[in-house]
Amino acid sequence: MSITREDLEQDRLRTILDNTPIASVLLSEAALEASWRAALASLPDPNGDVWLFGYGSLIWNPMVEHSERVPAKLYGYHRGFYLYSRINRGTWDNPGLVLGLDRGGSCQGVAFRIPAISIETELKMLWRREMLTGAYLPRWLPMQLKDKQGPRIKALAFVMNRQHESYSGRLPDLKVVSHLRDACGLYGPAREYLRNTLEGLLKEGFQDPYLARLWAQLQSSEHRPEVKK
């Protein structure tokens with residue numbers, strides 16, 4: 001299936017997962033609300049718009065209401081396949097991998113400007129999408145909009161929770177590729193997630209050598225002839 005904004009509005013994902021083994025690792029509704037309200041209380045500008053930084057599926061499937069979309073660079077964190085996915089791009093028995101932001105370096109992606117009037121609604125939606133299991137931590141991080149002068153601004157970004165059971169740490173390329181090649185979850189194949197992210201970045205004018213390298217290795221492994229026994 002493909003997740004839609006209506007699915008998030010109706011909280012359908014939680015309803016679906018409540019009947020699976022994943023239910024035991026879902027944050028409660030109360031914990032989820034407390035988390036997004038804490039982010040709301042710590043807005044960089046309490047009366048202004050909010051910038052959201054997308055580095056994975058938000059690039060090609062944002063769903064949030066926004067007034068502006070701008071290529072951007074986030075500082076202090078880099079993108080990598082650091083999160084085992086047992087829901088969206090894999091299963092409990094055959095986990096895939098999805099992207100997360102981990103400490104160090106920088107990351108190119110897309111910034112979305114959320115109007116002040118819509119912030120509460122959009123944060124609630126984002127938390128239902130990104131925070132159901134607590135695998136990410138919401139942070140306000142420095143970001144520079146591409147081709148725009150001026151100081152760095154604070155953007156909302158979801159970074160890795162290194163204490164979460166699904167945090168993989170840095171894995172060898174071959175290990176990453178094996179999970180991307182063989183796993184499929186509620187939203188489809190893990191390999192599709194990689195391809196969509198790579199293509200989304202290219203459309204914004206960004207080259208990501210890490211993702212390109214993994215994609216080339218993935219294609220090579222899929223076309224490699226089987227050894228006869």
Side-chain angles (χ1 to χ4, degrees), residues 1-44 49-67 69 74 79 82-92 95-101 109-141 155-161 163-167 184-188 190 192-193 196-197 200:
M1 64 177 273
S2 296
I3 189 172
T4 65
R5 183 179 174 89
E6 185 179 0
D7 291 329
L8 297 179
E9 290 172 340
Q10 302 298 323
D11 209 10
R12 290 174 184 160
L13 184 56
R14 179 181 291 275
T15 301
I16 292 171
L17 297 176
D18 274 342
N19 299 314
T20 72
I22 299 295
S24 63
V25 301
L26 297 180
L27 293 183
S28 67
E29 283 281 7
L32 207 65
E33 181 171 351
S35 178
W36 68 258
R37 287 196 178 279
L40 190 63
S42 61
L43 294 177
D49 297 346
V50 161
W51 285 97
L52 167 70
F53 182 77
Y55 57 88
S57 62
L58 283 170
I59 295 174
W60 41 271
N61 187 24
M63 288 188 291
V64 294
E65 292 183 359
H66 54 278
S67 58
R69 174 189 174 114
L74 191 82
R79 173 176 37 232
Y82 295 132
L83 180 62
Y84 286 116
S85 177
R86 297 180 172 90
I87 302 173
N88 301 349
R89 299 291 174 173
T91 63
W92 195 265
L97 282 166
V98 292
L99 293 165
L101 291 175
V110 176
F112 301 92
R113 187 171 194 153
I114 302 174
I117 195 172
S118 305
I119 290 173
E120 183 169 335
T121 298
E122 298 310 305
L123 288 190
K124 186 175 182 179
M125 301 275 286
L126 279 167
W127 259 247
R128 286 180 174 176
R129 171 176 172 157
E130 305 291 342
M131 292 288 293
L132 276 181
T133 68
Y136 295 121
L137 299 172
R139 293 289 184 265
W140 299 105
L141 299 175
L156 174 63
F158 295 95
V159 309
M160 283 307 312
N161 177 0
Q163 305 306 313
H164 197 274
E165 62 180 359
S166 293
Y167 175 62
C184 184
L186 193 61
Y187 298 168
E192 181 183 80
Y193 173 91
N196 288 345
T197 304

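For the pair Trp60/Thr197, a side-chain contact is recorded, criterion being any heavy-atom separation below 4.5 Å from C-beta on. With contacts defined as side-chain heavy-atom distances shorter than 4.5 Å, the pair Leu156/Leu123 qualifies. In this structure, Leu52 and His66 have side chains that are not in contact, with every pair of non-hydrogen atoms separated by 4.5 Å or more.
With sequence neighbours left out, the ring pair (Phe, Tyr, Trp, His ring centres under 6.0 Å) criterion links Tyr136 to no other residue.
For the residue pair Arg129 and Ser57, the shortest heavy atom distance occurs at NH2-OG, 2.9 Å. Contact between Pro95 and Arg86 at its shortest, heavy atoms only, is CB-CG, 3.9 Å. What you find for Tyr55 and Arg79 is that their closest heavy atoms are O-NH1, 3.0 Å. Ser85 and Val98 make their closest contact through CB-CG1, 3.9 Å (heavy atoms, listed as atom of the first residue, atom of the second, distance). Residues Met160 and Leu137 share a closest heavy-atom pair of O-CD1, 4.0 Å.
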Output, in order, the C-alpha distance, side-chain angles, deciding distance and verdict of side chain to side chain contact (heavy atoms under 4.5 Å, CB included) for Arg37 and Glu120. CA-CA 8 Å; Arg37 287 196 178 279; Glu120 183 169 335; 3.8 Å; yes
The test is side chain to side chain contact (heavy atoms under 4.5 Å, CB included); show your working for Leu13 and Leu186 and say whether it passes. CA-CA 10 Å; Leu13 184 56; Leu186 193 61; 3.4 Å; yes
Worked verdict on Glu6 versus Arg12 for salt bridge (Lys or Arg N to Asp or Glu O under 4.0 Å): CA-CA 8 Å; Glu6 185 179 0; Arg12 290 174 184 160; 3.1 Å; yes
Trace of the side chain to side chain contact (heavy atoms under 4.5 Å, CB included) decision for Leu141 with Val159: CA-CA 10 Å; Leu141 299 175; Val159 309; 3.8 Å; yes
Verify side chain to side chain donor-acceptor pair (under 3.5 Å) between Asp7 and Thr4, making sure each step is shown before the conclusion. CA-CA 5 Å; Asp7 291 329; Thr4 65; 3.0 Å; yes
Could you go through the side chain to side chain contact (heavy atoms under 4.5 Å, CB included) check for Leu27 and Trp127 one step at a time? CA-CA 10 Å; Leu27 293 183; Trp127 259 247; over 6 Å; no
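The closest donor-acceptor contact from the side chain of Tyr193 to the backbone of Leu99 lies under 3.5 Å. Judged by distance alone, the side chain of Asp49 and the main-chain N or O of Ala116 form a donor-acceptor pair under 3.5 Å. Using modelled atom types, one side-chain atom of Arg69 and one backbone atom of Ile59 make a donor-acceptor pair closer than 3.5 Å. Checked by atom type and distance alone, the side chain of His164 pairs as donor or acceptor with a backbone atom of Thr133 at under 3.5 Å.
Using a cut-off of 4.0 Å between Lys/Arg side-chain N and Asp/Glu carboxylate O, Arg89 and Glu192 are scored as salt-bridged. Ion pair Arg5/Glu122 flagged as a salt bridge, since at least one NZ, NE, NH1 or NH2 atom sits closer than 4.0 Å to an Asp/Glu carboxylate oxygen.
Classified by interplanar angle (parallel below 30°, tilted 30° to 60°, perpendicular above 60°), the ring pair Tyr82/Tyr167 is tilted.
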